[in-house]
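Have a look at the structure below, then the notes.
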Amino acid sequence: QVQLLESGGGSVQAGGSLRLSCAASGYTSGISCMGWFRQAPGKEREGVAAIDSDGTTSYADSVKGRFTISRDNYKNTLYLQMNSLKPEDTAMYYCAADPYDMVVAGRALKANEYNYRGQGTQVTVSS
C-alpha cells in the first residue's frame, strides 16, 4: 500500500504563487507515475499535471506555462509549483500515484485510473 500526504495549500491573491508538496510513504518502490488533480465545488475532478518515473510530464491546457510538476525520488516527494494563480484555480488539490507510467500510456490526467490518492489540500485564489 502507498500513503500520500499533501501540504502547501492556502489562500493567495490572483497573480500569486503556491507550492504544493505530496509525501509518499509505504510501498513507494511500487510507484511510477505521480500526478495532481483538483476538484472545485460542483465540478468534476480534473487532471492538472502528471510525471512519470523517467521525468516525462503532462499538463492540462489550463495550467500550461503557469504550473510546474516535479518529483524528488530520493525523498519520495511530488511537487507542484503554481505561479500566476487565477480565481478559477480555486479547488481541492489531490495527489495521486500509480504503478504504471501513465503519461507514456496516455492516461496521465484521468483521475479515476490512479491506484492511490491523498486526502487533498485546499487552494483558494481571490481576485
Study note, to complete from the structure: OG of Ser29 to CG of Asn76, rounded to nearest 0.5 Å, is 9.0 Å
Check your understanding: Hey, what do you get for CG (Leu20) to CD (Gln81), rounding to the nearest 0.5 Å?
Key -> 9.0 Å
Exercise for review: Work out which heavy atom in Ser17 is nearest to a heavy atom in Asn83; give both atom names and the distance.
Suggested key: OG-OD1, 2.9 Å
**Study point:** Considering all heavy atoms, the nearest Ile31-Ala24 contact
**Key:** CD1-CB, 3.9 Å
Please tabulate, one pair per line, all N/O donor-acceptor pairs under 3.5 Å involving side-chain atoms of residues 105-114, not counting sequence neighbours.
{"unit_1": "Arg107", "atom_1": "NE", "unit_2": "Glu113", "atom_2": "OE1", "d": "2.6"}
{"unit_1": "Arg107", "atom_1": "NH2", "unit_2": "Glu113", "atom_2": "OE1", "d": "3.4"}
{"unit_1": "Tyr114", "atom_1": "OH", "unit_2": "Ala108", "atom_2": "O", "d": "2.6"}

Check your understanding: Does CD belonging to Gln119 count more than 12 external heavy atoms closer than 6.0 Å?
Key -> no
Check your understanding: Transitively linked via ILVMFWY side-chain contacts under 4.5 Å: Tyr59 with Val103?
Key -> no
Review point. Transitively linked via ILVMFWY side-chain contacts under 4.5 Å: Tyr116 with Ile51?
Key: yes
**Study point:** side-chain contact (heavy atoms from CB on, under 4.5 Å) assessment of Leu85 paired with Phe67
**Key:** CA-CA 9 Å; Leu85 282 161; Phe67 291 10; 3.8 Å; yes
Check your understanding: side-chain contact (heavy atoms from CB on, under 4.5 Å) between Leu4 and Leu78: does it pass, once the steps are laid out?
Key -> CA-CA 10 Å; Leu4 303 172; Leu78 177 72; over 6 Å; no
Review point. Which atom pair, heavy atoms only, marks the closest approach of Lys43 to Gln39?
Key: O-NE2, 3.1 Å
**Study point:** CZ/Arg117: more than 12 non-hydrogen atoms of other groups inside 6.0 Å
**Key:** no
Check your understanding: In terms of hydrophobic clustering (I, L, V, M, F, W, Y; side-chain heavy atoms under 4.5 Å; direct or indirect links), are Met34 and Val123 co-clustered?
Key -> yes
**Study point:** Over all atoms of both residues, closest heavy-atom pair of Thr77 and Ser21
**Key:** CG2-CB, 4.4 Å
Review point. Counting distance only, does the side-chain N/O of Asp54 pair as donor-acceptor with the main-chain N or O of Thr56 below 3.5 Å?
Key: yes
Review point. Side-chain heavy atoms under 4.5 angstrom apart, residues restricted to Ile, Leu, Val, Met, Phe, Trp, Tyr: same cluster for Met102 and Tyr79?
Key: no
Revision key, fill the gap. In this structure, CZ of Arg19 is separated from CE of Met82 (nearest 0.5 Å) by 11.5 Å
Report, one line per pair, each donor and acceptor closer than 3.5 Å where one atom sits in a side chain of residues 90-101; sequence neighbours left out.
{"unit_1": "Thr90", "atom_1": "OG1", "unit_2": "Pro87", "atom_2": "O", "d": "2.9"}
{"unit_1": "Thr90", "atom_1": "OG1", "unit_2": "Val125", "atom_2": "N", "d": "2.8"}
{"unit_1": "Thr90", "atom_1": "OG1", "unit_2": "Val125", "atom_2": "O", "d": "3.3"}
{"unit_1": "Tyr93", "atom_1": "OH", "unit_2": "Arg38", "atom_2": "NH1", "d": "2.9"}
{"unit_1": "Tyr93", "atom_1": "OH", "unit_2": "Asp89", "atom_2": "O", "d": "2.6"}
{"unit_1": "Asp98", "atom_1": "OD1", "unit_2": "Asn115", "atom_2": "N", "d": "3.0"}
{"unit_1": "Asp98", "atom_1": "OD2", "unit_2": "Tyr100", "atom_2": "N", "d": "2.9"}
{"unit_1": "Asp101", "atom_1": "OD1", "unit_2": "Ser53", "atom_2": "N", "d": "3.1"}
{"unit_1": "Asp101", "atom_1": "OD1", "unit_2": "Ser53", "atom_2": "OG", "d": "3.1"}
{"unit_1": "Asp101", "atom_1": "OD2", "unit_2": "Ser53", "atom_2": "OG", "d": "3.2"}

Check your understanding: Going hydrophobic residue to hydrophobic residue with side-chain gaps under 4.5 angstrom, can you get from Val48 over to Val12?
Key -> yes
**Study point:** Donor-acceptor pair, side chain of Glu6 and main chain of Cys22, under 3.5 angstrom
**Key:** no
